[in-house]
Undergrad: 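First the structure, which I've put down as structure tokens, then a few questions once you've had a look.
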Amino acid sequence: MAKERSATATIKGYFYQFDYFILQLLKCKNDTDSVCIEGIEDVDLMTADETTAVQCKYYAGTEYNHSIIAQPLRYMLDHYLSKGNSLDMKYKIYGYYNSGQNKLTTPIDKESFSKKFLGLKAFEDLKLADEELMAFLLKLEINIQAEEFDKQEANILCELKKCFDCDNFDAV
């Protein structure tokens, strides 16, 4: 299947990211929880205990390939090496693809990560200790079977209905 490269597909990807942001905001459990759009990553989820930096991808017309998430994973690893290993930080790829999800086996081990996402030369150039990479991989979640656009929107409506049903919601 050919890649969908129209502006419509790009805009839908931005809507998908924004909808994910809205959904996470509606799902906050505590008054101190927060959600930030375009922070460290597309959407950052912050609780009292941790921060999760989430990269959202929506490729309804595209087959999943490792190269699609390789660059975001490298950015996450760079962030982790510069700050994240000292913070209570997690990283997440959340993406919807038309097909190809069977190409990725999780959890990802260090050999698979270095070969499929970094390239062996780049991995060697980083001069990472095995322990550093393993610590990063423990903080990484990859979900390439995320909800389809319409399903995610339906979940937003469901969460909004919960707000209207709760006693603490002041409807205008």
Side-chain angles (χ1 to χ4, degrees), residues 1-21 23-24 35-47 49-149 151-152 155:
M1 176 175 269
K3 283 185 179 180
E4 187 178 339
R5 296 181 149 249
S6 72
T8 303
T10 301
I11 292 168
K12 196 167 189 179
Y14 287 118
F15 283 146
Y16 188 76
Q17 174 185 324
F18 194 66
D19 283 351
Y20 181 81
F21 165 77
L23 188 58
Q24 299 313 305
V35 183
C36 173
I37 194 160
E38 294 298 337
I40 297 166
E41 287 295 338
D42 294 335
V43 177
D44 299 341
L45 314 171
M46 293 151 291
T47 67
D49 300 325
E50 68 185 24
T51 296
T52 303
V54 183
Q55 179 70 217
C56 292
K57 299 288 182 195
Y58 189 76
Y59 291 107
T62 304
E63 179 178 340
Y64 168 81
N65 284 301
H66 303 312
S67 61
I68 293 173
I69 65 171
Q71 186 175 23
L73 285 172
R74 286 192 290 265
Y75 288 147
M76 289 175 173
L77 178 59
D78 288 344
H79 182 270
Y80 171 79
L81 293 173
S82 69
K83 300 180 185 172
N85 59 349
S86 63
L87 304 172
D88 211 355
M89 185 87 194
K90 292 187 177 183
Y91 301 90
K92 181 176 182 176
I93 299 281
Y94 179 83
Y96 179 84
Y97 304 87
N98 183 48
S99 61
Q101 291 86 347
N102 61 330
K103 295 177 185 178
L104 181 68
T105 304
T106 56
I108 297 173
D109 60 31
K110 103 180 153 81
E111 290 80 19
S112 174
F113 185 83
S114 61
K115 187 164 85 173
K116 293 176 182 174
F117 301 108
L118 289 179
L120 292 175
K121 169 110 174 76
F123 178 71
E124 290 170 3
D125 290 347
L126 282 174
K127 296 181 180 20
L128 275 177
D130 286 351
E131 298 79 28
E132 283 180 301
L133 183 56
M134 292 307 297
F136 170 72
L137 293 175
L138 289 172
K139 293 177 174 266
L140 176 66
E141 176 187 348
I142 299 176
N143 178 357
I144 59 169
Q145 297 186 10
E147 293 179 329
E148 192 274 330
F149 188 89
K151 174 68 174 156
Q152 184 171 263
N155 285 337

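Below, each value reflects all heavy atoms present in this structure, side chains not excepted, and no hydrogens, waters or symmetry copies. Predicted model, so just to flag it, every value in this text is computed and none were measured.
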Undergrad: Among residues at least two apart in sequence or on other chains, which ones pass side chain to side chain donor-acceptor pair (under 3.5 Å) with Tyr64?
TA: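 Partners of Tyr64 by the side chain to side chain donor-acceptor pair (under 3.5 Å) criterion, ordered by chain and then number, come out as His66.
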
Undergrad: Measure the OH-CG distance between Tyr16 and Asp42 for me, rounded to the nearest 0.5 Å.
TA: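 Separation between the atoms: 11.5 Å.
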
Undergrad: List for me each residue that meets salt bridge (Lys or Arg N to Asp or Glu O under 4.0 Å) alongside Glu132, sequence neighbours excluded, and say none if there are none.
TA: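 If we apply the salt bridge (Lys or Arg N to Asp or Glu O under 4.0 Å) test to Glu132, skipping adjacent residues, there are no hits.
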
Undergrad: Looking at every non-hydrogen atom in both residues, tell me the closest pair between Glu63 and Gly100 and how far apart they are.
TA: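 Minimum heavy-atom separation between Glu63 and Gly100: CG-CA, 3.8 Å.
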
Undergrad: Just wondering, do Pro72 and Ile93 contact through their side chains at under 4.5 Å, heavy atoms?
TA: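 They are in contact (side-chain heavy atoms under 4.5 Å apart), so the answer is yes.
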
Undergrad: With a 4.5 Å limit on heavy-atom distance, are the side chains of Ile68 and Tyr97 in contact?
TA: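 Counting from C-beta outward, Ile68 and Tyr97 do come under 4.5 Å.
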
Undergrad: Test side chain to side chain contact (heavy atoms under 4.5 Å, CB included) on Leu137 and Asp109; report intermediate values, then the result.
TA: CA-CA 7 Å; Leu137 293 175; Asp109 60 31; 5.6 Å; no

Undergrad: Return the set of residues passing salt bridge (Lys or Arg N to Asp or Glu O under 4.0 Å) with Glu148 (not counting sequence neighbours), or none when no residue passes.
TA: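 Result, salt bridge (Lys or Arg N to Asp or Glu O under 4.0 Å) vs Glu148: none returned.
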
Undergrad: Show, in sequence, the C-alpha distance, side-chain angles and deciding distance for Gln145 and Asn143, and conclude whether the side chain to side chain contact (heavy atoms under 4.5 Å, CB included) test is met.
TA: CA-CA 5 Å; Gln145 297 186 10; Asn143 178 357; 3.8 Å; yes

Undergrad: Considering residues at least two apart in sequence or located in another chain, which fulfil the ring pair (Phe, Tyr, Trp, His ring centres under 6.0 Å) criterion with Phe21?
TA: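 Per chain and number, Phe21 pairs via ring pair (Phe, Tyr, Trp, His ring centres under 6.0 Å) with Phe18.
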
Undergrad: Give the intermediate values and the outcome of side chain to side chain contact (heavy atoms under 4.5 Å, CB included) for residues Met134 and Lys110.
TA: CA-CA 7 Å; Met134 292 307 297; Lys110 103 180 153 81; 3.8 Å; yes

Undergrad: Counting N and O atoms only, with roles assigned by atom type, does the side chain of Ser82 sit under 3.5 Å from a partner on the main chain of Asp78, one being a donor and the other an acceptor?
TA: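 Between the backbone of Asp78 and the side chain of Ser82 there is a qualifying donor-acceptor contact (under 3.5 Å).
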
Undergrad: Are Tyr96 and Phe149, when compared by the centres of their aromatic rings, separated by less than 6.0 Å?
TA: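 Not under 6.0 Å, so no.
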
Undergrad: How about Asp44 and Val54: do any of their side-chain heavy atoms sit closer than 4.5 Å?
TA: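 Heavy-atom side-chain distance check fails, nothing below 4.5 Å.
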
Undergrad: Testing the basics here: between Met76 and Ala53, what is the closest heavy-atom pair and its distance to 0.1 Å?
TA: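 Minimum heavy-atom contact is CE-O, 3.9 Å.
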
Undergrad: Nearest 0.5 angstrom please: Leu23 CG to Glu147 CD, how far?
TA: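 That separation rounds to 7.0 Å.
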
Undergrad: Given side chains that start at C-beta, do those of Thr52 and Thr47 come closer than 4.5 Å, heavy atoms only?
TA: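 A side-chain contact is absent here, since even the closest heavy-atom pair is not under 4.5 Å.
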
Undergrad: Using a 4.5 Å cut-off on heavy atoms from C-beta on, say whether the side chain of Tyr94 contacts that of Ile144.
TA: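 No, too far: nothing below the 4.5 Å cut-off.
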
Undergrad: Among side-chain atoms of Gln55 and Lys57, is any donor-acceptor pair under 3.5 angstrom?
TA: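 There is such a pair (donor and acceptor under 3.5 Å, judged by atom type) between the side chains of Gln55 and Lys57.
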
Undergrad: With Lys92, which residues qualify under salt bridge (Lys or Arg N to Asp or Glu O under 4.0 Å), at least two apart?
TA: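 Applying salt bridge (Lys or Arg N to Asp or Glu O under 4.0 Å) to Lys92 gives Glu141.
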
Undergrad: Are any non-hydrogen side-chain atoms of Leu128 and Leu77 less than 4.5 angstrom apart?
TA: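 Answer yes - side chains close enough.
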
Undergrad: Taking the ring centre of each residue, are Tyr91 and Phe136 less than 6.0 Å apart?
TA: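 Under 6.0 Å, so yes.
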
Undergrad: Are Lys12 and Tyr58 packed together at the side-chain level, in the sense that at least one heavy-atom pair is separated by less than 4.5 angstrom?
TA: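 Sidechains of Tyr58 and Lys12: in contact.
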
Undergrad: Please list, chain by chain and in numerical order, all residues satisfying salt bridge (Lys or Arg N to Asp or Glu O under 4.0 Å) with Lys90, sequence neighbours excluded.
TA: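 Salt bridge (Lys or Arg N to Asp or Glu O under 4.0 Å) check on Lys90 returns Glu50.
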
Undergrad: Closest heavy-atom contact between Gln17 and Ile37?
TA: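 Scanning both residues completely, I find the closest heavy atoms to be NE2-CG1, 3.9 Å.
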
Undergrad: Are Tyr20 and Gln24 close enough that some pair of their side-chain heavy atoms sits under 4.5 Å apart?
TA: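 Yes, close enough: below the 4.5 Å cut-off.
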
Undergrad: Measure the NZ-NZ distance between Lys103 and Lys116 for me, rounded to the nearest 0.5 Å.
TA: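 It is 11.0 Å, given to the nearest 0.5 Å.
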
Undergrad: Assess whether side chain to side chain contact (heavy atoms under 4.5 Å, CB included) is satisfied between Ile142 and Ile69, documenting all intermediate values.
TA: CA-CA 9 Å; Ile142 299 176; Ile69 65 171; 4.1 Å; yes

